[in-house]
Amino acid sequence: MRKTTGILIAILFFFSISNAEETNYTNNSFARLSFVKGDIYIQRSTDLGYEEGVLNMPVSEGDRMGTTEGRAEIYLGNGNYVRLDNETKIDFLTLPKIESDLIRIRVWTGNIYFRVRDLKEEKNIEIHTTDVSIYVLDNGLYRIDVRQASETEIFVYEGMLEAAGESDSILINNEQRVEISTGSFISQPTRFYAVAEDSFDRWSEHRDSQVRKHMAKAYLPEELEDFEYELSSNGDWVYRAPHGHVWVPGGIDPYWRPYYNGRWTWLNSCGWTWIPYESWGWSTHHYGRWHWGHSLGWYWIPTRVWGPAWVSWYWGYDYFGWAPLSYYGYPGVIINNVYNGRFQGRYYPHNSRSLTVIHKNQLEARNVSKVALSQKSVKSLGKLSLSRQRLPMRPTANKISVERLGGKKVLLRKKITSLESETGKRTSRTTVRKTEAVDSNRVGKKTAARVYPYQERKIVKKKSEEAGRTGEKKPIYKSRSSVKKDSYGYSSSRKISAKKPIYKSKSSVKKDSYGYSSSRKVSANKPSKKITPKKSSSFIGRIYKNISGSSKSVKSRSSRSSSRVTSSKKVSSSSSKSKSSSSKASKKSSSSSSRSASKSGKVKKKN
């Protein structure tokens, strides 16, 4: 009995470890490349080479993304987006995990927009440059321009930020801008007109108008509400018992099936991950399950949990295959126009219309639909057994090829050539890279003069800020002490918070590996201030205190009669006709009493 109990405990422990490993990420641990225009490249955290950025490509912690002649938008979850201008390079240093929702991004060069719609906690979003560390304190719209080896300029269109340098942390409010160079503030926050000034501004405004669109009726759970408009524009919602409302895609061909039009990519944290080529494919291939019906065709059932690909795998000596999982956790089978979502047979039918099989050398083909085997070829493979476990193979050898991007730069492009069994521990991930983009040789070539985004932009200042500044030099605020930077940048000040709008921290701050630390004094919340008047030592102040109702005041008689006022430390006077609580009245009363006393000669003071 004890032996049986021990075996059961060991089995439960094994499965608990497996489940923990499989769910070591959240719905927002992987960002989505949600818009691509022009030349975009992405460099994985453990790769020397780059790969071309495509729509719906997942972005994981440690990845680097850059643009040449192009623009990109990355969806970070919960309505938060970051947008990249031409000639921009950023690193995704930290993305949300189970234990933390922190997002940390480094901007090396170029211009970015940050749209924050759902900030769970202030300073949960950090943006670091070589000049400054930025901590988001409130929902809003922010632009950061980084001129390489020069300076950083911050624009707050909406919301509130903390900018941390070598010795100061300042609060930047709505419609304010500031410039920083190597940790020192070149200027104080100044007002500007928050209007579109260049093509990047206008493009970001257009993207904002697109992602803000919402449908009158919502069918998706709260975690997926950002995809409501995207799905409603590309398909229809139909009620299907017992699942409720399901989504039916529009404009697909009869041979289409899930996990067919796209490609696979390897991510260290979750394994083989599907990149769908359908514009709406992110939510439908990373959330939910696919079923098939005779009257509807393929339809999608929403669920709340993100996954790299909800499929059941087959792997043989030379071939890999997969079939989409049903809502019940079994591979779906379609034979003779009949769908079975609870198939539990030992061998999967080779003539099922939901099965996709490819040669193992084609696992990272640019489009799986172009290299997939026909049903006749699949039949020749014999019996197929599918597994719920993820594919235990990973890329091994990378070949690097030199490739030009727009004739301006040279980057190293990666080519994965072979696979190996995933038996040992995965290699540790790092954000340190040994290769960078370098300028190509342009000896003897004439190139047209190029206008960079920061040269295109013209800042219109408020009139109140503009007056009196002609010919005036910008004050440079140097740090009062030398501060070391860590691997990120300048650390945030604990004294700066949205709850306490104090502009400067009194003590110097150290720069950690990310950047300058945030200050606790900078906060978006503004508490009411209680004003306590200072104690006055003047003669008039003492008179006012006695007139306003002090218990130690001495009553005086009318100025017409002789009166004698005796007090140890305080002298008060009053009029016989009226009493006044204002200081003005007390002055008059005092002066009249003095004149009366001088005439009568009967007023004496005791020390």
Side-chain angles (χ1 to χ4, degrees), residues 21-34 36 40-47 49-65 72 74-77 92 95-98 224 227 257-290 300 303-315 320-325 356 358 360 362-369 371-372 387-396 398 414-416 419-422 426-427 429:
E21 183 182 356
E22 291 177 0
T23 59
N24 196 24
Y25 47 81
T26 68
N27 289 356
N28 299 323
S29 295
F30 301 93
R32 172 199 184 190
L33 185 52
S34 54
V36 175
I40 315 296
Y41 64 91
I42 185 169
Q43 190 177 9
R44 299 297 181 187
S45 58
T46 55
D47 288 336
Y50 85 100
E51 55 184 308
E52 181 184 0
V54 295
L55 184 66
N56 291 325
M57 174 174 280
V59 181
S60 57
E61 183 175 294
D63 291 348
R64 171 173 293 174
M65 182 171 289
I74 299 94
Y75 172 70
L76 300 171
F92 294 88
L95 289 176
K97 306 178 185 66
I98 294 176
L224 306 181
F227 309 110
R257 54 188 177 270
Y259 305 98
Y260 182 70
N261 182 32
R263 68 182 179 90
W264 295 100
T265 188
W266 173 264
L267 300 180
N268 269 8
S269 51
C270 62
W272 292 103
T273 304
W274 181 254
I275 302 177
Y277 286 167
E278 297 87 1
S279 61
W280 41 262
W282 177 266
S283 58
T284 59
H285 288 82
H286 294 296
Y287 297 89
R289 305 292 187 274
W290 284 95
W300 178 70
T303 62
R304 300 171 182 266
V305 180
W306 189 94
W310 297 103
V311 298
S312 185
W313 284 96
Y314 154 78
W315 56 90
F320 298 143
W322 59 88
L325 288 171
T356 302
I358 60 172
K360 67 177 184 180
Q362 299 291 344
L363 186 59
E364 285 195 306
R366 294 180 66 87
N367 195 332
V368 165
S369 63
V371 297
S387 172
R388 295 185 183 182
Q389 297 179 1
R390 58 188 180 188
L391 189 65
M393 309 293 174
R394 57 177 299 163
T396 55
N398 291 356
K414 72 170 185 177
K415 291 184 178 180
I416 298 178
L419 302 170
E420 72 173 358
S421 178
E422 189 181 14
R426 292 175 182 169
T427 57
R429 304 170 70 246

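Taking 4.5 Å as the limit, some side-chain heavy atom of P258 sits within range of a side-chain heavy atom of H285. Contact annotation: the side chain of V36 never approaches that of V54 to less than 4.5 Å [non-hydrogen atoms, C-beta and beyond]. With contacts defined as side-chain heavy-atom distances shorter than 4.5 Å, the pair W310/Y259 qualifies. Taking 4.5 Å as the limit, some side-chain heavy atom of I42 sits within range of a side-chain heavy atom of M57. At least one side-chain heavy atom of Y25 sits less than 4.5 Å from a side-chain heavy atom of P308. Between L363 and L391, some side-chain heavy-atom pair lies under the 4.5 Å cut-off. T265 is listed as a side-chain neighbour of R44, based on a closest heavy-atom distance under 4.5 Å. Put simply, the side chain of L55 reaches to within 4.5 Å of the side chain of S279, judged on heavy atoms.
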Discussion item. Working note: T273 + H286, criterion side-chain contact (heavy atoms from CB on, under 4.5 Å); need CA distance, chi angles, decisive distance, verdict.
Written reply: CA-CA 9 Å; T273 304; H286 294 296; 3.7 Å; yes
For N27 and Y287, run side-chain contact (heavy atoms from CB on, under 4.5 Å): C-alpha distance rounded to whole Å, both residues' side-chain angles, the deciding distance at 0.1 Å, then the answer.
CA-CA 9 Å; N27 289 356; Y287 297 89; 3.5 Å; yes
message = For a side-chain contact (heavy atoms from CB on, under 4.5 Å) check, start with the C-alpha distance between W264 and F320, then their side-chain angles and the critical distance, and finish with the verdict.
response = CA-CA 12 Å; W264 295 100; F320 298 143; over 6 Å; no
Criterion side-chain contact (heavy atoms from CB on, under 4.5 Å) on F92 and L76, from CA distance to verdict:
CA-CA 11 Å; F92 294 88; L76 300 171; 4.2 Å; yes
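Of all the heavy atoms in I358 and A372, the pair that sits closest is CG2-CA, 3.9 Å. Between Q389 and W315, the shortest heavy-atom contact is O-CZ3, 4.0 Å. The two atoms that bring N28 and G77 nearest to each other are OD1-CA, 3.5 Å, heavy atoms only. Taking all atoms of both residues into account, the shortest heavy-atom contact from N56 to G281 is ND2-N, 4.0 Å. The two residues A365 and V371 have their closest heavy-atom pair at CB-CG2, 3.9 Å. The shortest non-hydrogen separation linking I40 to M65 is CG2-CG, 4.2 Å.
If you take OG on S283 and CH2 on W300, they are separated by 4.5 Å, rounding to the nearest 0.5 Å. Residue D63 holds its CG atom at 7.5 Å from CG of L267, rounded to the nearest 0.5 Å. Distance check, rounded to the nearest 0.5 Å: CZ of R390 to OG of S312 gives 14.5 Å. Taken to the nearest 0.5 Å, the OH atom of Y277 stands 13.5 Å off from the OH atom of Y260. The CD atom of E364 lies 10.0 Å from the CH2 atom of W266; values are rounded to the nearest 0.5 Å.
Side-chain rings of W322 and W272 stay apart, their centers remaining 6.0 Å or farther from each other. Checked against the 6.0 Å centroid threshold, F30 and W306 count as a close aromatic pair.
Between the side chain of T356 and the backbone N or O of G321, no donor-acceptor pair lies under 3.5 Å.
Salt-bridge check for E52 with R263: failed, with every basic side-chain N at 4.0 Å or more from each acidic carboxylate O.
In terms of the side-chain hydrogen bond (donor to acceptor under 3.5 Å, both in side chains) criterion, residue partners of S369 (sequence neighbours excluded) are, by chain and number, N367. In this structure K360 satisfies the side-chain hydrogen bond (donor to acceptor under 3.5 Å, both in side chains) test with no other residue, sequence neighbours excluded. For R32, the salt bridge (charged side-chain N to carboxylate O under 4.0 Å, His left out) criterion is met by E230, not counting sequence neighbours.
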